[in-house]
Structures are given as C-alpha cells and as structure tokens.
Amino acid sequence: MSIEIKDHSSSKRIKVVQIKETDLDKLIFPFNKHSIQSLEYKPFSRFSLAKSVDDVFSGELSKVLNNTLKDRNTGTAIVEPDIKNSKFDKDFLVKLSTALVYLVGLPNFDSMTGKYYARFHVKHSDSSDSYLRKAYRNLDLHTDGTFVKEKTDWLLMTKMEEINVKGGESTLLHLDDWEHCEELSTDPVGKENFTWGSPKSKNIEYKVEHPVFSQDKNGKTIISYIDQFPEPKNMKQGLFLQKLSDALEQSKNKLVFPLKVGSAIFSNNYFWLHGRTAFKQDMNLSRELLRIRGVFADQN
Ligand SMILES: [Fe+2]
C-alpha cells in the first residue's frame, strides 16, 4: 500500500502524509494486540506496534518520516489519518502516535507525566504555572527540551480532541525562513551560556546551561529557546532575549494554520520552532493534545 504525500498549503517544507480509512482499518487488528497499559509498561511492545504500522505501508512510512525529519529543507511532517469514523478513538490515536515516533527513534521520559508521552487539556480556566495550558494567550514560538539534560531531536504533537474551539491555530517557523536568523545567531550574546530552569509542574529539579544558538555538524544554525525558562544573568542577556522574542513573534514567515483533530505535527526540534495562537473565549472550551519528544535512532 502506498501512502499519499503532499506539500502543506502553507509551506513546501512541510510534508503532509494522508492515511486513508481503508489503511487505518488494517491497523485495528495489530493495535488490538496491545493495550495502552502494556505499551506503557513494556517498551519492546512499542517497536512491534510500529513495525506492524510500517508493514501496512510496505516500509514506506518510516522512510518518508525519517527523510522528512532529517532533511534541513523540510524537517516537518504532518500525519493526517482519516478518523471521521468513531471506531478510531483516542486509544487508537495514542497507539498511532506511538508507532510514528518509534519509526524514527526513541522517546524521552516525560517528567511532567512520568511516562513516555504526555496528554494534557487546555480549558477555559487554568491554575497551572506555565503558558502551556493558558487558553487565551499565545503560546509563543519555541523549541522543546530547553531545560532538560536529554537531547531532544524531534517532537510529535497529536490533536486528540477539540470541543467548542475557535482559534488556537498551530504556528511554526523554520529557522531558514526567519528574517532575523543571521543577525541574531551571529550576535555574541546568542552564543553565550544561558541558565535554564523550569516551574514546578515540569518536575525537573535541576537547571541546565546552554546557548540559544549553536551549529550542527554541517555548520548550520540550530536553536534551543523558549521565552519562559531562560534566567538572564545581566542586562545584556535580558535585552538579547527580548529582542529575540520580538523578532520571532513578528516574523512575516511564521506559518499559522488549523490542525485537524487526529492529526499530528512531527517536527525536527533544532531548526523548527512551534507555538499556538490564543483561543477565543468559551466557557466550555476543551482541547486535548498528546506530545512525545525524543531522539533519532539508527534504523539498522
Ligand atoms: Fe512545545
């Protein structure tokens, strides 16, 4: 079975992988072999789940995902399963998301939930300590894993549910499309070590040090940045971060688009930044997201 790949309407850098209902049907049987609990408790079961998905597509899906995520010119895949039929429930999406990430590598332990993945809601009211769940505020462009010791090569975000939602579009920006990349990545302050902490809900007891900008093995600029968690040591660092934040949010090349329920954004975390626009006020707003972050692995 071949898969359909298109360029996303907002950018050729984003490859859209559409999965038809007839192909999703073929996943039901292998998915029934694994409960969510067994996937959580037995890491090896996630590999067999992933293999069964790749077999449905004759090995093409793992190739497309790996090529797209590792290529500097692309770096983001959006996987769009046709889940209109209610037989494709939330457990199905957890399993599909698990399979997708195991086709490119290994997930990091998510300290926020104590699992290899996290599911969380955005609702009308919120008492949490970060912008992640604040519905009526922009989640500014950022990368993930800025305040942890583990490498974060990629992240996957699956939209599990959306009720009474207006706004809350996905935002993405590729570093090579950003007008201020050259100016800010060559500023000496951007290469200084910053201290990165995190609020209590993240369950990370330590702080890390790293610069905002560095270079990959090919000499290309990469970024590790989120607005809330760097702790500037002085005026120079504080002003640099303000300039950086403004230059990212004001970029004319920021992509803003709606993401369908069931779809997953799968992005390289070194040269793509991600975020979300504010939701429109609604007392009954509810949106659920699943996220998995991790590292690339050899497929041999
Ligand atoms: Fe994020």
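For ligands, and for the atoms within them, numbers begin at 1 and follow the listed sequence. Because the structure is predicted, anything quoted here is derived from the model rather than measured.
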ask   = Closer than 2.8 Å to the Fe ion (ligand 1), which protein N, O or S atoms?
value = His142 NE2, Asp144 OD1, His274 NE2
ask   = Can you name the side chain to side chain donor-acceptor pair (under 3.5 Å) partners of Lys191, sequence neighbours left out?
value = none
query = If you look only at pairs with a residue in residues 221-235, which of them pass as a side chain to side chain donor-acceptor pair (under 3.5 Å), with sequence neighbours excluded?
reply = Lys207-Glu231
message = Counting the benzene-type ring for Trp, do His8 and Phe257 have ring centres under 6.0 Å apart?
response = yes
message = Can you confirm whether or not the ring centre of Tyr136 sits under 6.0 Å from the ring centre of His124?
response = yes
query = With sequence neighbours left out, what residues match Lys159 under salt bridge (charged side-chain N to carboxylate O under 4.0 Å, His left out)?
reply = Glu162
request  = Please check if the distance between the ring centroids of Phe31 and Phe92 is under 6.0 Å.
outcome  = yes
